[in-house]
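The structure appears below as structure tokens.
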Amino acid sequence: MNQGYAASSSSASAPVLLVVEDDPTINQAVTDRLVAEGFRVVQAFDGPGAVAAHGEHAPDLVVLDLMLPGFDGLEVCRRIQGERPVPVLMLTARADETDLLVGLGVGADDYVTKPFRMREVVARIRALLRRVERARELAAEQPPVLSVGDLTVDRGSRRVSARGSEVHLTPLEFDLLLALAAEPGAVRERDELMREVWGWADAGGTRTLDSHVKSLRAKIGADRVRTVHGVGYSLEVGPAADEPADEPADEPGGGRP
């Protein structure tokens, strides 16, 4: 296993993070900052090492570079999400929307584009960890199954079916759908969804939300999610029709119109 070392914080109960980055300087810089923030960190430097470290250490979250030797971050994400759901923050030098959608489609929850600020990486990590905890709390408080038209969302098994067929969603796609399905037909504001699903909200984060909505539409049907230009999204019982001039919000680099 081409893996570095596990650097522990002073607290044995602190979340374990797996940092996967082939550049030793960047990997160490990210690791040092996360250890200073109170996390326990395991390092890996290539695709096979990342999968092996995930299996051995069962991290609470993975910080994953897209370009890796052995096999790339997309394949790493596919393999580790196939073992067990885990939040993944992608580090990428690519800003192309197609690449980002592929990453989100194989199970990445969020991404930051290089060069990045460590303050932002730490904030995104904490937000993803809060989302996981909040999802557990909501699952215990709300009805086990939600039905919106012929769409069924099972909280307990985290399974979704549309028109009688099972739909395979990533953990974050499921949480986003759950937030929309809790109030079918109601327009959920972008900032509200960012806070509820991701645990944070800012203008730059709307691109992440819009990309996940596109991915969700591709899986459950584009007619199920309505975009309200300048406001947010709603899950429709019947076919949805977007308002005119809505596309710029979903363009690369798009944020709040």
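Side chains are part of it too, since the values below use all heavy atoms of this structure and drop only hydrogens, waters and symmetry mates.
In this structure the side chain of V122 reaches within 4.5 angstrom of the side chain of R126, judged on heavy atoms. No side-chain heavy atom of L89 sits under 4.5 Å from any side-chain heavy atom of V62. In this structure the side chain of F116 never reaches within 4.5 angstrom of the side chain of T92, judged on heavy atoms. Looking only at side-chain heavy atoms (C-beta outward), V153 and V145 stay at 4.5 Å or farther from each other. Between L193 and E189 the shortest side-chain heavy-atom distance does not fall below 4.5 Å. By the 4.5 Å heavy-atom criterion applied to side chains, D110 and M90 are not counted as neighbours. Here the side chains of L66 and L91 are not in contact, with every heavy-atom distance at 4.5 Å or above.
K114 and D23 are not joined by a salt bridge, as no carboxylate oxygen comes within less than 4.0 angstrom of a charged side-chain nitrogen. Comment: D60 does not engage R40 in a salt bridge, judged by the lack of any side-chain N to carboxylate O separation of less than 4.0 angstrom. The residues R195 and E192 are annotated as not salt-bridged, no charged nitrogen and carboxylate oxygen being separated by less than 4.0 angstrom. Taking a cutoff of 4.0 Å between a charged side-chain nitrogen and a carboxylate oxygen, R224 and E236 do not qualify as a salt bridge.
A cation-pi arrangement is present between R79 and F71 under the rule of less than 6.0 angstrom and at most 45 degrees off the ring axis.
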Let me have the donor-acceptor pairs involving side chains of residues 161-168, under 3.5 Å, with sequence neighbours excluded, atom names and distances please.
none

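Between the D65 side chain and the V20 main chain, no donor and acceptor come within less than 3.5 Å of each other.
Contact between V76 and G47 at its shortest, heavy atoms only, is CG2-CA, 3.6 Å.
Annotation for E83: atom CD counts as buried by contact number, over 12 foreign heavy atoms lying within 6.0 Å.
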